[in-house]
Structure formats: C-alpha cells, structure tokens
Number of protein chains: 2
Amino acid sequence: MSSNPPAIVAESPPPPLSRRELNKTATRQAITRAAMELIRTRGVGNFTVEDIADAAGVSRRTFFNYYASTEAAIGNITHEFLEVALQQFRLRPRDEPVIVSAKEAMMALADPMAVAPVAELFTLMQQNHQLARPELEAWDHCTGQIIEAARERMRGGTDGQIDELYLRALSGSVISCGRAAMDVWFSRCGPDLSEASMATLRQLMIDSLDLLASGFATSS
Amino acid sequence: MSSNPPAIVAESPPPPLSRRELNKTATRQAITRAAMELIRTRGVGNFTVEDIADAAGVSRRTFFNYYASTEAAIGNITHEFLEVALQQFRLRPRDEPVIVSAKEAMMALADPMAVAPVAELFTLMQQNHQLARPELEAWDHCTGQIIEAARERMRGGTDGQIDELYLRALSGSVISCGRAAMDVWFSRCGPDLSEASMATLRQLMIDSLDLLASGFATSS
DNA sequence: TACACTATGTGCAAGTTTGCACTCCGGGCA
DNA sequence: TGCCCGGAGTGCAAACTTGCACATAGTGTA
C-alpha cells in the first residue's frame, strides 16, 4: 500500500513471457529433444542436421538460427538445466554468502523433471564420450554467469584485483562442487529419478558445498 | 510392370508438403483443437477468441489470420473431415459414374481417426444446437467442391444448361446422402468408434447412395 | 442518455521461419 | 591428381506470426 518508488532490491521481474519468447523457447526445446531422440535411436554421428530439423518440425535454416552445430544443440540440455539454478541464485538476497546462495540454488536441481534430460545425457555419455564436450561448455558458461551474478553483489566492497580473484576462484569452485555432486550422484544412482535418489543428490550438493565452505578441512 | 508413359488420369500430384504447409496445417489444427477443448470444458460462449489463441499457443492476431470467427474454427472440423473424401473423389477415374466415385470416396470417412472429431462435435451438438451452423456451411462448401470436381469430368459432353442442372442436382444429392448416412450413423451408434460401428457407417453410406442410384425406388 | 468496459475484427510494422542459392570442406573414386 | 557428391554453414528475400493501435459493437451502470 506504500506509495514508495519501487524498492531497489534483487527484484525478480516476473516477465509475463510474450508469445514470441514462448515460441522461441518451444522451438529451441523441440530441436534439443529431436537431437536427443536421434542420438538415442541412431547414435552419435549417424544423422544429419537436416534429420534433426525434420524431427523437430522446423527447417534446416531455422536449426542454424538457433544453434551453430549439433553439438551446440546437445549442449543446450545441460545449459537449460543449469539455467534453473542460475535463476534461483540471482533471486537470493545480496548479503547472503555466495556458498549459501549456491546451496539453495542447487536444491532446485534435485527435481525429477529437471534432472531427467541431464541424466539421460549422462547415460548416453557412457557410450560416447564426445558428448561430454558440449556439456563441459555449459558448465563453463554457467561459471561465467555465476561470476557476473556474484560480482553484482560486491558493489562497494574493496576494489582492485583481489576481489576479482576471489570472485572467480569462488565461482569456479562452487560450480566444480556442483559438478562433482552431479557426477558422484550419477555414478551412485544412475538414471534413477526416485525421491530417494533426489535426496541423495541434494545431500551430495550440500556436502560438497560444506566441504568448500570448510576449506576442505579433514574431520580427523 | 508396364513401361507406359504416365497415363493422363486424374493424376494425384503427390505434394511433398513443404515445411510451410506443414506448419500452417499444424497451426490450423491447434486452433481447432483448442476451440473444441474449450467448448468441452467451458461450454459454448463461455470463452473468448483470446482464450482459444492462448490455448492453441498462438497470438490472437494469428487466430484471425486463419479464421474469421470462433464459428469458422469449429466449422473446420467438419471441413477437414469432408476434405478427406473430396480428395479421394478427385482421384477417381474420370469415366466412373459420380455416384460410384462418391461411394468409394466416402469409404475413407469410415475411419476412427477421421470420424472421431466429427463424432465429438455431434455429441456436443446435442447440447448446443448452434454448433450446427458451421457444420452446415462445411457440407455446403463440400457440395460446391463436388460440383467443380464433377464438372471437370463432363468436358465434351452436351453443352448448355441441362448439364449444369444435372451437375448440381447430382452433387447436392450425393452430399445429402452422405450427410444422411452420418446422421443416421450417429443416432444409431453415438460416438462409438469400434470397427462394428465403422462397418455400420460404411453400409449406411453404401445404402444411401444405392438408394440415390436406384432413384429411390421402393423394393415392393 | 452518456460512460466505462470488454470482446471482436483489421491495418501495419517489426520479428521469426522458410526456401533457395550459394560457398566450403572432406571422402570416395577413376 | 582431378572430379563428383553430400553435408555444414551462411546471405537474402519472401512468407508467416506477433504486438499494437484503432474502429466497432454489446452490456452494465450512473
């Protein structure tokens, strides 16, 4: 009821998502899913970009409007998965420690709907290791995003290069912990999406970040 | 096995259906289905064009790019249904009697996939009779198409107005027989899509056209 | 009656997808 | 080696979709 001007907080601008955004997202997803399906049924390298486009219901040209290559399309799976966490991270209060924010953000990833595509990718990766490259890039891109998001928080702190190193080291570590949690989770649970499995994933994320927060001190 | 040059028959130009055609058809169907769903769940008149567009995943403007009104969208259900038969009709040999061609063409309609939407429309029509108008228009449009298709066959026959009357009376009657078959079928079988029901529909179509061909002579 | 409000329908400019015509590149083959 | 071919990418114009502004019509209300 206050007539105050909009408070300057980490306001989540709830974008009503225009029809245009919606359509683009749908197209992007259609392409990604078609690519996955083809990998599943024919195996990596046994289909063309045109096959993906056809299966996705778009033209070859449109495929290239979205992705520079098949690899890039595959990378989108992990990219979208991480984007969920990124979104959560950006919503956390500015004064919260980055590690805590990261922990909270990662909780959103321990969701069957969210992990399912990545889990399948992990499975396929067992067979064909070259699928790992686009995944790697997605994690790297996420690191870059975390860096930017974290940098936003450190307005007014000490200036200079020390902050930059802190920022990057921390962000990189956080991402590494998340990745480690995912890797261990998959090696333990496989493509299992049960609640028990999700609980395991959550705990692994918490543990890895706790390790990070504690400076990886041994308990002995 | 003959090496004859392509016979000059009612050649069906097998259109590979461009991506553009495919997309347009998909959009048209999405709108139609969304409209049906809304009629089903909210009832006729309890939703706006915008609701349909949203449900169909397109903008309001796009809705109007396809249909002039909600009614027109509903009409498309019957329209598409009849289009199937029309297509078959056009494929029949030029020298075959129109009634025989019509009989053959109608056989394609006795297919669960094809009748399903129309059957549902019939069901909804029980409740709200104003749904009948767009359906009527679809049948009428089909008559016009049959007239054109039949006219094509009568090149070189006698000229003058007699042919035109014959053409129109015949075409109109054929359509009426088809419509009668559908009506009786639904009143007998309801929305039943079983093979037995389809057989009934087929027989009704055959019978109605036989009646027409026999000049509606009574057997006694 | 006058006014506010909601829904239909349309014109237009800007954004997106598509078809097509290239260019490049790598593998098979005479 | 030189040629052919199929797939990857790209530029561009045409076709399609969208957002927005505006005109119109029906409804409820002061």
Side-chain angles (χ1 to χ4, degrees), chain A residues 13-39 41-76 80 128 130-131 133-134 137, chain B residues 13-39 41-76 80 128 130-131 133-134 137:
Chain A
L17 267 319
S18 72
R19 183 54 45 213
R20 276 195 163 110
E21 313 288 341
L22 260 32
N23 289 350
K24 288 215 279 187
T25 302
T27 302
R28 211 186 302 281
Q29 282 207 344
I31 293 175
T32 298
R33 289 179 186 175
M36 279 293 272
E37 178 63 22
L38 285 169
I39 290 179
T41 56
R42 300 199 204 168
V44 178
N46 297 121
F47 54 89
T48 70
V49 164
E50 185 152 25
D51 293 329
I52 301 177
D54 284 350
V58 300
S59 71
R60 198 174 68 96
R61 194 63 186 80
T62 296
F63 174 95
F64 285 113
N65 285 349
Y66 281 86
Y67 300 113
S69 65
T70 301
E71 271 200 348
I74 299 301
N76 187 51
E80 280 194 345
N128 195 314
Q130 68 183 284
L131 285 172
R133 201 186 334 162
E137 287 170 19
Chain B
L17 268 319
S18 72
R19 181 58 41 213
R20 270 191 171 118
E21 313 290 338
L22 260 31
N23 289 349
K24 289 214 279 186
T25 302
T27 301
R28 213 186 301 279
Q29 282 207 343
I31 292 175
T32 298
R33 288 179 186 176
M36 279 293 271
E37 178 64 21
L38 284 169
I39 290 178
T41 58
R42 300 197 204 169
V44 179
N46 296 123
F47 54 88
T48 70
V49 165
E50 185 152 26
D51 293 329
I52 302 177
D54 284 350
V58 301
S59 71
R60 197 173 68 95
R61 194 62 186 79
T62 295
F63 174 94
F64 285 111
N65 284 349
Y66 282 87
Y67 300 111
S69 64
T70 302
E71 272 200 351
I74 300 300
N76 187 52
E80 280 194 344
N128 196 315
Q130 67 183 285
L131 286 172
R133 199 184 338 161
E137 287 170 20

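Chain identifiers are assigned alphabetically (A, B, ...) following the order of the sequence lines, protein sequences preceding nucleic acid strands; residue numbering begins at 1 within each chain.
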Readout for nucleotides 17-25 of chain D: B = base within 4.0 Å of protein heavy atom, S = sugar-phosphate only, - = neither; 5' to 3' it is BBBBB----

note: A:Glu50, atom CD; D:dA8, atom P; distance rounded to Å ~ 8 Å

Could you pull out all residues at least two apart from B:Arg133 that satisfy salt bridge (Lys or Arg N to Asp or Glu O under 4.0 Å)?
B:Glu71

With distance as the sole test, does A:Arg19 use its side chain to make a donor-acceptor pair with the main-chain N or O of B:Gly57 at under 3.5 Å?
yes

Those residues that, when tested against B:Glu137, pass salt bridge (Lys or Arg N to Asp or Glu O under 4.0 Å) (two or more places apart):
none

Protein-nucleotide distance (B:Asp51, atom CG; C:dA7, atom P), rounded to Å
8 Å

For the pair made of CG in A:Asn46 and P in D:dG6, what is the distance, rounded to whole Å?
18 Å

B:Thr25 meets the side-chain hydrogen bond (donor to acceptor under 3.5 Å, both in side chains) criterion, sequence neighbours left out, with none

Whole-Å distance separating the CZ atom of A:Arg42 from the C1' atom of D:dG7:
14 Å

To the nearest angstrom, how far is A:Asp54 atom CG from C:dT18 atom C1'?
13 Å

By salt bridge (Lys or Arg N to Asp or Glu O under 4.0 Å), A:Arg42 pairs with (sequence neighbours left out) A:Asp51

Using whole Å, what does the distance between atom C1' of nucleotide D:dG9 and atom CD of A:Glu71 come to?
15 Å

Among residues at least two apart in sequence or on other chains, which ones pass salt bridge (Lys or Arg N to Asp or Glu O under 4.0 Å) with A:Glu21?
none

